[in-house]
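When a residue number appears, it is its place in the shown sequence, counting from 1.
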Amino acid sequence: AALAIQNVRLYGALQRELAERRQAEAALRESEARWTRMLELAAEGIVVLDTESRISLFSPSAERIFGYAAAEVLGRPLDLLLPARYAASHDRLIEQFVSGTFDRRMRPFREMTGRRRDGSEMPLEASIGHLGTAEARGPVVALVRDISERRAAQQALRESEERYRLISEVVSDYVFSTRVEDDGALRLNWVAGAFEAITGYTFEEYRARGGWRAAIHPDDLEIDAHDL
């Protein structure tokens, strides 16, 4: 009878251990699923380097940015994602970072140049952080953004402004822009063209006077107000 009771207790203990193990495994799978989902939703590319500075994690956004599948880059050095002329300086930066020369918190995003799978280069913003401790070296995580579209938009804006400037310098008229403030007052934003030649004022002088309404002849103010 004593042996039977002992076996029952042992069986019960094994059942509890198995149940606890299944619960732990289920919790681990759930945690991994959440982590995977977070990687998939992250707008920034996430690249993790192991203690040997080799890529150990490459998120879906990183795949889209660089054009590599994760399987192609895992275990390879970071140099793969950088133009050759920058690789050495980035290696030194990461080594100083994980060795404690720099603050190990996530650093602000800064601009750099990346290299896609096809060899083309692109402007990036990147921030790095160290997952290790003061006592032990750990992985380095990098958050990466492709800013190609932003750079292209900025360049297009500069070119448009330059074309506008060149045109405004040769026209015989002038144009201006006025903003209506919350209180109904009009504020001169900018002028272009032959403004000074026609009015005799610089932009700053004209705005200090109260803008174009202040320069209108009193007899014409009512007509101008009607047009507004």
In short, Glu63 meets Ala70 closest at the heavy-atom pair OE2-N, 2.7 Å

- [ ] Looking only at non-hydrogen atoms, find the nearest pair between Pro83 and Thr113 and report the distance.
- [x]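 Heavy atoms only, the tightest pair is CD-O, 3.4 Å.
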
* Relative to the ring of Phe58, is the ring of Tyr68 parallel (under 30°), tilted (30 to 60°) or perpendicular (over 60°)? ->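 It falls in the perpendicular class, over 60°.
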
Original post:
So, Arg151 versus Ser148: side-chain donor-acceptor pair below 3.5 Å or not?
Top reply: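 Arg151 vs Ser148: no donor-acceptor pair found between side chains.
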
| Is it the case that Arg158 and Gln155 place a side-chain donor and acceptor less than 3.5 Å from each other? |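 Judged by distance alone, the side chains do pair up.
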
Practice prompt. Quick one: list whatever passes side chain to side chain donor-acceptor pair (under 3.5 Å) with Arg145, sequence neighbours left out.
Written response: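 Counting only residues at least two positions away or on another chain, Arg145 forms a side chain to side chain donor-acceptor pair (under 3.5 Å) with Glu44, Glu125.
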
Sorted by chain and residue number, the side chain to side chain donor-acceptor pair (under 3.5 Å) partners of Ser160 (sequence neighbours excluded) come out as none

ILVMFWY cluster, Ile128 and Met112 together (side-chain gap under 4.5 Å):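 In one cluster with Ile128: Met112, yes.
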
query: Can you check side chain to side chain contact (heavy atoms under 4.5 Å, CB included) on Ile46 and Leu143, steps first, answer last?
result: CA-CA 5 Å; Ile46 301 174; Leu143 304 182; 3.8 Å; yes

**OP:** Verify, without hydrogens or angle tests, whether Arg115 (side chain) and Leu80 (backbone) share a donor-acceptor contact under 3.5 angstrom.
**Re:**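 Checking the backbone N and O of Leu80 against the side chain of Arg115, a donor-acceptor pair under 3.5 Å is found.
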
Here the gap from Glu159 atom CD to Gln154 atom CD, rounded to the nearest 0.5 Å, amounts to 12.0 Å

Considering only residues two or more places apart or on different chains, which pairs with a residue in residues 78-87 satisfy side-chain hydrogen bond (donor to acceptor under 3.5 Å, both in side chains)?
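As it turns out, the side-chain hydrogen bond (donor to acceptor under 3.5 Å, both in side chains) pairs with a partner in residues 78-87, which skip direct neighbours, are Arg85-Glu121.
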
For a 4.5 angstrom cut-off between non-hydrogen side-chain atoms, does [X] reach [Y]?
X      : Y      : result
Asp146 : Arg64  : no
Ile65  : Met122 : yes
Leu78  : Val140 : no

Checklist entry - When you look at Val73 and Phe66, which way does the side chain to side chain contact (heavy atoms under 4.5 Å, CB included) test go after all the steps? => result CA-CA 10 Å; Val73 302; Phe66 291 98; over 6 Å; no

Self-check item: Atom CZ of Arg76 with >12 non-hydrogen neighbours under 6.0 angstrom
Solution: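 At most 12 heavy atoms, drawn from other residues, nucleotides or ligands, come within 6.0 Å of this atom.
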
